[in-house]
Amino acid sequence: MADQNVVLRRNRPGTKAENFYRWCDEAYEEMDSTLVVQQYIQQTIRLDHNNIDTILNAPETQDEGVWKYEHLRQFCMELNGLAVRLQGECQPSTCTQMTATEQWIFLCAAHKTPKECPAIDYTRHTLDGAACLLNSNKYFPSRVSIKESSVAKLGSVCRRVYRIFSHAYFHHRQIFDEFESETTLCRRFTVFVTKYNLMSRDNLIVPILEDESAGQGESEA
Amino acid sequence: MDEASSQNQLGGSANPAGVANRQNLEEPSQRIQYSIPGILHFIQHEWARFEMERSQWELERAELQAKIAFLNGERKGQENLKNDLVRRIKMLEYALKQERAKYHKLKYGTDLVQGDMNPPVEEGGEEVRVDPDAILSTNTNVSWKQSRHLLRQYLQEIGYTDTIIDLRSNRVRSLLGIDGGGNEENHNSTPAMNGSDTTKRMPDANRWNVTKKTPSCLEAQIQDAERAVIDNFEFLRSEGEDAEGMEMDDDDEDDEPEEEDDVHRLKSPKVPKVALDVDDVDGESVDLDPDFRFLPDVEDSSPGVLGFGPGSRRVYGPGGEEDALEGLGELAQLTVTNEADATYDQISSTKENFRKTWTAKYTLRSHFDGVRALCFHPQEPTLITASEDATLKLWNLQKTVPAKKSASLDVEPVYTFRGHLGPVLCLAMSGDGDKCYSGGIDGTIRIWNIPSSNIDPYDSYDPCVVGGSLPGHTDAVWGLTYHGQRQHLLSCAADSTVRLWSTDARSPLLYTYAVEKDGIPTSVDFVYESSNQFVCSFNTANCVIFDLETGKPVTRLDTETEQGSSSISRQINRVVSHPTLPLTITGHEDRHIRFWDNNSGRLVQSMVAHLDSVTSLAVDPNGLYLLSGSHDCSIRLWQLDSKQCVQEITAHRKKFDESIFDVAFHPSKPFIASAGADALAKVFV
């Protein structure tokens, strides 16, 4: 029935884990769905999650607001993996506050009056809140075009979400390192917020950009 | 003084011979002022006055007589009208009885035992003539009651078809087609009746010169009435034929409230709205409510009729008449409204066809990637979704966020389950709704203790929610199903095994069925009709029913005979077992839905169901409807007995070449849901 030449990119039931999403890539120009950007980002990540420049390099015709938005969605989604790992170790009894360095205690913004949630709750609430905001029909009714005023909201989401990285880095270093080696997520996130100027450099307290520049130097050398 | 003197004068004039002299004698001394001409003048004057007064009285009398005559005439007119109405009622009643008898005879082959079956025309007329004022009221009351009762019964019977829609909607659709015709006819005949009876005749009666009403006028009236009755009769006949066309079961008392509701629903334009609004309440109670509103309406109007004295001119005739027409008139009226209102037209027409049209009500947005599976709570209006973003989310449909468009409501999740380290592919919920099981690409089946649906989403973390996992599978778990009575869980995975789990035992794994020789299992389901079997579909298009105890194949569904394409394009994506019948339904990659007989393994029916591969199937708890989802972005609702598509809804967008991953019926509430690759889930009511 179906034209044999047409590649159907599907994870049919019964697909083995190793074959999940394993299909020949589709050029950005040929993607015609409304979820092009997500498809494209996920495709480049699957291709090589270490190749941050390619992943963050928007196709020429791509609207920047949507590009940032879809990347942030992807970050929040992948951060779930870090949250799952933290869930096992980061106990409310040991990490009673959301801290990274001794400098700040972060208050959880998910509540009507921001409060000092334990780190694991801060993590969960922040991710849940981000999920709600990024899926909000009010601010992001479309994934094809996004209002300027809504794009402005991305910065605060980035700032809050970043604290999960920093908490893991300073308090659960082993988890952080494992996760980072699997996903390169923190580095990608740091490059992302720097590139699009979504966070100030002062807030990027996880010392990963030095690594990043060193790594770049190595790869270029 | 004056009077006394005038009497004397009169007396004098009466006996002029005897008294005149004395008068004459006295006159010069006592009463000089009176002269004969003066007296005569006075007498003339007085007489003229009396005459005038008399004529005035006579005039008055004549006027009063005229008034009496007019009132008499009016009364006569009223009596005529009453007689006529009574006659019409009797004729209607008779016609109804005849129809019922005929119908009964046709249906049951025996004569219906009824009260008096005599044509009532003469008798009724006589009664009225004997003592119009006394008998009329009681007589009409009785006949009104009777005819009203009959009418209601008819409406109930017509309504009955509507309930059958639930069961036999195919038949019902054609039936409602005829029904619509009936309404049309009724609609036509009603104005005719109104035109000839109320509007034309009533002014007649109200005119001042009713006294002059002639026999010919009366005859015309009777003819009018007869015509009207015949009109009515035609209408009833057509309704009666409708009734014959359907299967009726007068004994089934339980269904009656619902039927009447359906009558009401057909008639009332506002009901679709009501149905939409209140659907999140329990379906049954929703059905009952309008019904109770309907009945009192009828009862309210009849006392109005009973209360009329014979003399109350204006109310009696038209009031009664309107009342009589109300039941019928409403039908016609409402058809008109429906036709007039374009937006309603669509709703009502689909409503008539399928009884229930599902419309998207809730949009569940919070996942970051495609929603792979969803399942409803057995009782509550809550559901859980599982996504490729590695989370599960709990949604309470009663906690909605006001959305921009009033058409659909946004729901925010009340809880996010984190535990999987990769896409979650399948989901099952325990029979009591306390636990939930999810299978992921990581090969784990996780157990979740579902928190309260009223939990604060930003409450502190409760590790109890994570209820552990069922280790065993070594590859992506693609299918999960829970058996409520057995409390067993069945899973299938890409490691080519199907596993049976006990959900309360310490060592949960009960059985591992190695099924690799048939291919990789894609979906499993318990066979509900037989107690110890399960059915498993494979990516090779095989589909086999196994014995749960022995793990041996019981029936191999005859998938090989299907001609055509390669097995990969015929892959079965989903298999479901009918809740009551020995029927297995498979959804294929080649766009087909196929129906199989469990005992023989034979193909019962194969149909191209979608424009793209069929990914998901769900059968409603009663086993009457099938819901299918496809990568063509649509979900379709099918009637299981006729295999006809009753509704199609475009629900989700594509991501790559995937669109819809799962569909579900709520086990006890009127909800259906779809889960899509666009990271949304939608709930329809």
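Throughout, protein chains are lettered first and strands after them, A, B, ... in sequence-line order, and every chain is numbered starting at 1. These values consider heavy atoms only, across backbone and side chains, with no hydrogens, waters or symmetry-generated copies.
Annotation: ring-ring contact (aromatic ring centres under 6.0 Å, His included) contacts of H420(B) (sequence neighbours excluded): none.
Side-chain atoms of D369(B) and Q42(A) form a donor-acceptor pair, as typed in the model, at a separation below 3.5 Å. If you check the side chains of K654(B) and Q39(A), you find no donor sitting under 3.5 Å from an acceptor. Checked by atom type, the side-chain pair R10(A)/S613(B) shows a donor-acceptor distance below 3.5 Å.
Side-chain contact between F656(B) and Q43(A): present, with at least one pair of heavy atoms (C-beta onward) separated by less than 4.5 Å. Counting heavy atoms from C-beta outward, N11(A) and E658(B) have side chains that approach closer than 4.5 Å. Between E388(B) and F20(A), the closest side-chain pair of non-hydrogen atoms falls below 4.5 Å. Contact of the C132(A) side chain with the P413(B) side chain is registered, since non-hydrogen atoms from C-beta on lie closer than 4.5 Å.
With a 4.5 Å cut-off on non-hydrogen atoms, R372(B) touches chain A through its side chain but not through its backbone. Heavy atoms of L680(B) lying under 4.5 Å from chain A are absent altogether. When heavy atoms are compared at a cutoff of 4.5 Å, I441(B) approaches chain A by way of both its backbone and its side chain.
Residue R653(B) places its CZ atom among 12 or fewer non-hydrogen atoms of other residues, nucleotides or ligands, all under 6.0 Å distant.
Taking the six-membered ring where tryptophan is involved, the planes of Y458(B) and H111(A) are perpendicular, since the angle between them exceeds 60° and thus also 30°.
Under a 4.0 Å N-O distance rule, the pair R418(B)/D128(A) qualifies as a salt bridge.
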